[in-house]
Asks: 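Right, I'll just put the structure down here and ask away after.
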Amino acid sequence: MTRPLVTILDDEPEIRTLLAVALEEAGFDTLSFGRARAFEAALATHTPDVCLVDLSLPDSDGLTLVHRLALEQGAIVIIISGRAQVQDRVTGLELGADDYIIKPFDPAEVVARIRARLRSAKPSPQAGTVAAFSGWKAHFDRYALEDDTGAEIPFSHAEGEVLRLFLDAPKRLLSRAQMQSSLGGVASESFDRAMDVRISRLRTKLREDPKNPQLIKTIYGAGYIFLGDVTWS
């Protein structure tokens, strides 16, 4: 069985070593980088399953890099940062990160968070990689929505996780607690805010009327429901 590949981007050698040792002992392969330039060059020849990214990098803006990774790579992106303010966490999650871990951390927690994210990213046994609904196709193999003209709109891995939850359970109420459990998140203000943002972005990409969405409906006080008929292939 192929071991999942985790890339570690952090300018502190001690942090890189701590994470690499813990992850390799837990059954992952790792590649470590102290500079964003070297990390981005490696993406030309390696396809990571998970990217761990520090925000305070000497040669790049970490948040910009996170946003680009979320849209272009299709990998799970987890921020590891000493920035502990709620707004920092919210911004990172809004820009497409799948999780946010604050330094200092327990390496065992990082391993557990990665495993939870990998589990949530696995396709349902009965589902394929393309879902057709209401004139749209969602391609989970390349993270893109295709409209009835063939035009494509990319979505991030984080947005894809939320969309897949809806498409796997059409016309069923999903509570925030269920979504948090399925996505491996931690119940918090930043998680709730990030969930709202991801759903808002999905509605925009699906060209929904924000005042009267027809596909992703909010059931106030209860959760969300996806009203389209879905066919997987």
Side-chain angles (χ1 to χ4, degrees), residues 63 66-74 76-77 86-87 89-100 117 120-124 126-233:
L63 287 172
V66 164
H67 187 52
R68 191 162 65 249
L69 286 172
L71 287 177
E72 298 177 1
Q73 288 298 315
I76 294 166
V77 181
V86 169
Q87 187 56 50
R89 302 200 300 273
V90 168
T91 300
L93 294 168
E94 286 180 345
L95 288 175
D98 295 275
D99 207 344
Y100 194 114
R117 287 296 171 186
S120 70
K122 288 182 179 179
S124 301
Q126 75 277 12
T129 59
V130 181
F133 58 94
S134 304
W136 291 92
K137 289 182 180 178
H139 297 271
F140 288 91
D141 54 344
R142 60 178 184 270
Y143 293 91
L145 284 165
E146 178 187 351
D147 68 14
D148 54 6
T149 71
E152 293 196 355
I153 304 168
F155 55 82
S156 70
H157 181 275
E159 291 163 353
E161 283 190 324
V162 176
L163 180 60
R164 184 130 204 170
L165 281 181
F166 288 131
L167 298 179
D168 279 342
K171 300 181 180 178
R172 286 166 47 194
L173 178 68
L174 293 175
S175 69
R176 282 182 177 270
Q178 286 175 305
M179 298 176 79
Q180 178 259 321
S181 176
S182 296
L183 296 175
V186 177
S188 64
E189 176 187 346
S190 57
F191 179 87
D192 286 345
R193 171 97 176 267
M195 184 65 64
D196 290 340
V197 169
R198 291 170 191 174
I199 290 172
S200 175
R201 287 180 175 171
L202 286 172
R203 284 172 170 157
T204 298
K205 291 177 181 183
L206 292 168
R207 301 170 190 152
E208 293 257 73
D209 179 351
K211 295 181 179 179
N212 186 30
Q214 298 300 302
L215 284 174
I216 304 173
K217 299 285 284 188
T218 301
I219 310 300
Y220 291 100
Y224 300 93
I225 187 168
F226 185 85
L227 294 179
D229 294 314
V230 181
T231 303
W232 286 94
S233 61

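These numbers were taken from a predicted model, which means no experiment stands behind them.
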Asks: Evaluate the ring planes of Phe226 and Phe166, with Trp represented by its six-membered ring, and classify them as parallel (under 30°), tilted (30 to 60°) or perpendicular (over 60°).
Replies: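 Aromatic pair Phe226/Phe166 classed parallel.
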
Asks: Begin with the C-alpha distance, continue with both residues' side-chain angles, and end with the deciding distance and a verdict on side-chain contact (heavy atoms from CB on, under 4.5 Å) for Trp136 and Asp147.
Replies: CA-CA 5 Å; Trp136 291 92; Asp147 68 14; 3.6 Å; yes

Asks: Please check this pair: side chain of Glu208 against backbone of Gln214, looking for a donor-acceptor N/O pair closer than 3.5 Å.
Replies: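 Looks like yes, one N/O pair under 3.5 Å.
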
Asks: What heavy-atom pair brings Leu173 and Gln178 nearest, and what distance separates the two atoms?
Replies: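 Distance-wise, the nearest heavy atoms are O-OE1, 3.5 Å.
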
Asks: So how far is it from Asp229 CG to Phe133 CZ, rounded to the nearest 0.5 Å?
Replies: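 The CZ atom of Phe133 is 11.5 Å from CG of Asp229, to the nearest 0.5 Å.
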
Asks: Using the salt bridge (Lys or Arg N to Asp or Glu O under 4.0 Å) rule, pick out the option among Glu159, Glu152, Glu146 that qualifies with Lys205.
Replies: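 So, applying the salt bridge (Lys or Arg N to Asp or Glu O under 4.0 Å) to Lys205 and each of Glu159, Glu152, Glu146, only Glu159 qualifies.
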
Asks: Can you tell me how far CZ of Arg68 sits from CG of Leu95, rounded to the nearest 0.5 angstrom?
Replies: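 Rounded to the nearest 0.5 Å, the CG-CZ separation comes out at 12.0 Å.
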
Asks: What are the two closest non-hydrogen atoms of Val77 and Ala70, and how far apart are they?
Replies: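 Heavy atoms only, the tightest pair is CG2-N, 4.2 Å.
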
Asks: Please name the pair of heavy atoms, one in Leu63 and one in Gly92, separated by the smallest distance, quoted to 0.1 Å.
Replies: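 Leu63 and Gly92 have their closest heavy atoms at CD2-CA, 3.9 Å.
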
Asks: Can you see which heavy atom on Ala158 is nearest to which on Ala97, and at what distance?
Replies: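 So the two residues come closest at CB-O, 4.1 Å.
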
Asks: Check Arg203 against Ile216 and note the closest heavy-atom contact, atom names and distance.
Replies: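 Shortest heavy-atom separation between Arg203 and Ile216 comes out as NH2-O, 2.7 Å.
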
Asks: Is the closest side-chain heavy-atom distance between Asn212 and Lys217 below 4.5 Å?
Replies: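 Asn212 vs Lys217: side chains touch.
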
Asks: Say you draw a straight line from CG of Leu174 to CD1 of Ile219; how long is it, rounded to the nearest 0.5 Å?
Replies: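 So the CG of Leu174 and the CD1 of Ile219 are separated by 10.5 Å.
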
Asks: For the pair Arg117 (side chain) and Asp98 (backbone), establish whether a donor and an acceptor sit closer than 3.5 Å, ignoring hydrogens and angles.
Replies: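 Yes; at least one donor-acceptor contact below 3.5 Å.
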
Asks: For Arg201 and Val162, run side-chain contact (heavy atoms from CB on, under 4.5 Å): C-alpha distance rounded to whole Å, both residues' side-chain angles, the deciding distance at 0.1 Å, then the answer.
Replies: CA-CA 11 Å; Arg201 287 180 175 171; Val162 176; over 6 Å; no

Asks: Quick test of your reading of the model: are Asp196 and Arg176 salt-bridged, counting only N-O distances below 4.0 Å?
Replies: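 Looking at Asp196 and Arg176, the cut-off is met.
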
Asks: Determine whether a donor-acceptor pair (N or O, by modelled atom type, separation under 3.5 Å) exists between the side chain of His157 and the backbone of Ile76.
Replies: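 Such a contact is absent between His157 side chain and Ile76 backbone.
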
Asks: Roughly how far, to the nearest 0.5 Å, is CD1 of Ile199 from CG of Leu206?
Replies: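 Reported to 0.5 Å precision, the distance equals 12.0 Å.
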
Asks: Verify the neighbour count for atom CZ of Arg172: are there more than 12 heavy atoms of other residues, nucleotides or ligands below 6.0 Å?
Replies: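 Atom CZ in Arg172 is not crowded, with 12 or fewer foreign heavy atoms closer than 6.0 Å.
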
Asks: Measuring from atom CD1 of Ile225 to atom OG1 of Thr218, what distance do you get when rounded to the nearest 0.5 angstrom?
Replies: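 So the CD1 of Ile225 and the OG1 of Thr218 are separated by 11.0 Å.
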
Asks: How long is the gap from CE on Met195 to CD on Gln180, to the nearest 0.5 Å?
Replies: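 Nearest 0.5 Å value for the CE-CD distance: 8.5 Å.
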
Asks: Which heavy atom of His139 sits nearest a heavy atom of Phe155, and at what distance?
Replies: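 Result for this residue pair: O-CZ, 3.8 Å.
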
